[in-house]
Chemist: 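Let me begin by handing over the structure; questions about it come next.
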There are 2 protein chains.
Amino acid sequence: MTTTPALDPQALLRGRDILPTLQRMAVAQVLLLQPAHMTAEQVLEAARRLMPELSRATVYAVLKLFVGQGLLKELPIDGHATVYDSNVQPHHHLYDVDTGHVVDLPAASLQVLGLPQAVGALEMAGVDVIVRVRGLSAAG
Amino acid sequence: MTTTPALDPQALLRGRDILPTLQRMAVAQVLLLQPAHMTAEQVLEAARRLMPELSRATVYAVLKLFVGQGLLKELPIDGHATVYDSNVQPHHHLYDVDTGHVVDLPAASLQVLGLPQAVGALEMAGVDVIVRVRGLSAAG
DNA sequence: TTCCATGCAAAGGGTTTGCACTCTC
DNA sequence: GAGAGTGCAAACCCTTTGCATGGAA
C-alpha cells in the first residue's frame with residue numbers, strides 16, 4: 001500500500017492540479033476522504049448537506065474530472081446508474097444483487113489465473129471481478 | 001457442456017413455457033440460435049429485418065422475459081446500454097474499451113482462486129470477470 | 001481581463017409504462 | 001370470450017449540453 005490518506009481535501013485536489021473550489025471540496029469531503037461507493041445522486045444528496053446550492057450538473061462535472069485525474073473509479077456493476085468508487089487501488093467487489101450494496105474485496109483475497117493466455121497479444125486495460133451475492137446487509 | 005443447440009426457435013421457446021409468438025421467434029432467431037452479444041437496439045434492428053413491424057417496446061418486453069426464463073444473461077459491462085448475452089453457460093468476457101466489442105472467454109480459461117473465503121457465509125449468486133482490453137478488432 | 005467553474009434548464013439516450021387493439025387458447 | 005401479447009406514444013431516469021453568470025489567476 002502506498003496510500004497516504006489525505007485528510008485535507010484542499011491538499012488532495014492541489015496534488016492533482018485541480019483547482020479546489022468549494023463545490024469540488026464538498027464532493028471530495030463526501031467521497032474521497034474515506035473508501036465509499038456512491039452514485040451521482042447519492043453524492044449530490046450528501047454534498048448538499050455541506051453546500052445546499054450545489055447543482056446536479058456540477059456534481060456530474062466534478063465526478064468526471066475526478067475520474068479523469070485518477071481520484072475515482074467508475075464501477076461496471078449495474079446498468080442503471082454509475083457507481084463511483086473512491087478506492088482506486090486494484091481490488092474487486094462484492095455486490096448484493098438484492099440491495100445494490102457494494103463492498104470492496106482486497107486484491108489479494110482473489111487470484112485470477114490464466115490472464116496472459118486469455119488476453120494474448122492484446123493490450124490489457126484492467127480486470128474487474130464482481131462477485132454477486134445475497135445477504136450483504138451492511139451498507140456498502 | 002450439456003448444451004443441446006436448439007435449432008428450432010419454436011421448440012426452444014416452448015421448452016421454457018414461453019408462448020412462441022412471431023415477435024418472440026424473431027428475437028430468438030436473431031439472438032438465441034447462436035452465441036451473440038447485442039444491445040436492445042441491435043436486436044431490434046436485426047429482428048426487424050425478419051419482421052419490420054416489430055416494435056421497440058416488444059423487444060424490451062421479450063428480452064426481459066427471456067432473461068427471466070434463463071435464456072439470456074444481462075452483462076454488467078458498460079453503463080450506457082445493457083448488453084444481452086445468449087451464452088448462459090458460466091464464462092467470462094473480454095471487453096474492448098475502445099470499440100465496445102465483447103467476446104466470450106471460456107470459463108476454463110480463467111480460474112478465480114479464493115472465492116469461498118471471500119464470500120464467507122453469503123449466498124453466492126455468480127461471478128463475473130471482465131477483462132478490459134484494447135485492440136479487439138473483430139466483432140463481438 | 002481572460003479563462004475556467006457553476007447553475008439552470010433543456011436536450012439526449014436508454015428503458016418503462018399506459019392504454020387500446022389483436023391474437024391465442 | 002377471457003387473458004395474454006403487441007404497438008404506439010408519452011413518461012421516466014440518468015447524464016450531458018448550451019448559455020449566461022460569477023469567481024480565480
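Letters go in sequence order (proteins before strands), and every chain restarts at 1. Remember, predicted model here, so these are calculated numbers, not experimental data.
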Chemist: Using a heavy-atom cut-off of 4.0 Å to chain A, what are the terminal contacting nucleotides of DNA chain D, in 5' to 3' order?
Modeler: D:dC14 to D:dA25
Chemist: Give me the atom names and distance for the closest heavy-atom approach of A:P9 to A:L33.
Modeler: CG-CD1, 4.1 Å
Chemist: Please round to the nearest 0.5 Å and tell me the distance separating atom CZ of A:R24 and atom CG of A:L12.
Modeler: 13.0 Å
Chemist: With the threshold set at 4.0 Å, does a side-chain nitrogen-carboxylate oxygen contact exist between B:K73 and B:D85?
Modeler: no
Chemist: With rounding to the nearest 0.5 Å, note down the distance linking CG in B:L75 to CG in B:D128.
Modeler: 7.5 Å
Chemist: Can you tell me the distance, in whole Å, between the CE atom of B:M51 and the P atom of C:dT22?
Modeler: 15 Å
Chemist: Taking the side chain from B:T39 and the backbone from B:A81, do they hold a donor-acceptor pair closer than 3.5 Å?
Modeler: no
Chemist: For the pair A:R48 (side chain) and A:L54 (backbone), establish whether a donor and an acceptor sit closer than 3.5 Å, ignoring hydrogens and angles.
Modeler: yes
Chemist: Could you list, one pair per line, each protein nitrogen or oxygen that sits under 3.5 Å from a nitrogen or oxygen of nucleotides 14-17 of chain C, together with the distance?
Modeler:
residue	atom	partner	partner atom	Å
C:dT15	OP1	B:T82	N	2.9
C:dT15	OP1	B:T82	OG1	3.1
C:dT15	OP2	B:Y60	OH	2.6
C:dT15	O5'	B:Y60	OH	3.4

Chemist: Would you tell me whether A:D104 and A:H37 have side-chain atoms, one donor and one acceptor, within less than 3.5 Å of each other?
Modeler: yes
Chemist: Within the structure provided, determine whether A:H93 and A:V129 are in side-chain contact (heavy-atom separation under 4.5 Å).
Modeler: no
Chemist: Before you tell me yes or no, could you show the steps for A:Y84 and A:L31 under side chain to side chain contact (heavy atoms under 4.5 Å, CB included), namely the whole-Å CA-CA distance, both residues' side-chain angles and the distance that decides it to 0.1 Å?
Modeler: CA-CA 9 Å; A:Y84 294 89; A:L31 191 47; 4.3 Å; yes
Chemist: Below 3.5 Å between N/O atoms, which protein atoms pair up with nucleotides 3-6 of chain C? Just atom names and distances, please.
Modeler:
residue	atom	partner	partner atom	Å
C:dA5	OP1	A:R24	NH1	3.4
C:dA5	OP1	A:R24	NH2	3.0
C:dA5	O5'	A:R24	NH2	3.3
C:dT6	OP1	A:T21	OG1	2.6
C:dT6	OP1	A:Q23	OE1	3.3
C:dT6	O3'	A:Q23	NE2	2.9

Chemist: Report the C-alpha distance between A:L13 and A:M25 in whole Å, list the side-chain angles of each, state the deciding distance to 0.1 Å, and finish with yes or no for side chain to side chain contact (heavy atoms under 4.5 Å, CB included).
Modeler: CA-CA 8 Å; A:L13 298 186; A:M25 289 203 287; 4.0 Å; yes
